[in-house]
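Shown next, in structure tokens, is the structure this report addresses.
Numbers here simply count residues along the sequence, with the first being 1. What you see is a predicted model, and the numbers here were worked out from it, not measured in a lab.
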Amino acid sequence: MVSTSGVPLEWAVNSYVLNMGSLHYEEQPFDGPFHRNRGVRLAEITDGLSNTVGVGERTSRMTESGWCGIIPGQELVYVPTWFAADRAHPSKNWRPAMAATNIHINTGAPNARSSSPGGFTTSHMGYSGCHFLNMDGSVRIISDQIALGPYRSLATRNGGEIVPPEAFP
């Protein structure tokens, strides 16, 4: 469904979101491949397309997600059942609307109980990691045992980090 001016009014929802880097939602300059109102050319991904995460899995229990745009009605993300839910301080679980599309890697490995509700997570039982699409189109599962440093390095597009193969448990 589109408006009379051609703007989509409905978006398909999924369990994948874009990687906005290793910084928080509005920190600048952002260091990932995606951010709102900003295009990144492939030439700006100097860490290498196969070494930069583009899209990752995120369980839909967080919010309806859509890597192609903000989902109508998804103004904020609130997850009272999330591992880190703190009923005495519920504002800890609110995130900007852009979290329905873009999320960051800065607080924990995939599926980390200490991770932000905006982190990459899976609902697949028995997995010990999450599925990721790299900027070169390759796909991999990143283990939830990866150290935070190498994991954050995969989130940046031009940090100059080298992630050795042994970083992937």
- Item | Steps toward side-chain contact (heavy atoms from CB on, under 4.5 Å) verdict (Arg140, Ile142) | CA-CA 6 Å; Arg140 73 171 103 186; Ile142 297 178; 3.9 Å; yes
- Query: Taking it one step at a time, do Leu154 and Ile146 satisfy side-chain contact (heavy atoms from CB on, under 4.5 Å)?
  - Reply: CA-CA 11 Å; Leu154 293 169; Ile146 191 169; 4.2 Å; yes
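Figure legend: Arg157 and Phe30 shown as a cation-pi pair, the cationic atom lying under 6.0 angstrom from the six-membered ring centre and within 45 degrees of its axis.
Going from atom NE2 of His131 over to atom CD of Glu57 covers 6.0 Å, rounded to the nearest 0.5 Å. For the atom pair Ile162 CD1 and Ser153 OG, the distance stands at 10.0 Å (nearest 0.5 Å).
Side-chain contact check for Ser22 and Asp31: at least one donor-acceptor pair (N or O, by modelled atom type) lies under 3.5 Å.
Closest of all the heavy-atom pairs between Asn134 and Leu49 is CB-O, 3.7 Å. In this structure, Leu23 and Pro29 approach most closely via the heavy-atom pair CD1-O, 3.1 Å. Between Thr122 and Cys130 the shortest heavy-atom distance is N-SG, 3.7 Å. The heavy-atom pair separating Gly54 from Met135 by the smallest distance is CA-SD, 3.4 Å.
Proximity of Tyr151 to Phe120: side-chain heavy atoms (C-beta onward) are separated by under 4.5 Å at one or more points. Looking only at side-chain heavy atoms (C-beta outward), Phe132 and Pro110 come within less than 4.5 Å of each other. Put simply, the side chain of Val40 reaches to within 4.5 Å of the side chain of Ile45, judged on heavy atoms. Looking only at side-chain heavy atoms (C-beta outward), Asp47 and Glu161 come within less than 4.5 Å of each other.
A donor-acceptor pair under 3.5 Å is absent between the side-chain atoms of Asn19 and the main chain of Val55, judged by distance alone. With hydrogens and angles disregarded, a donor-acceptor distance shorter than 3.5 Å links the side chain of Asp136 to the backbone of Ser138.
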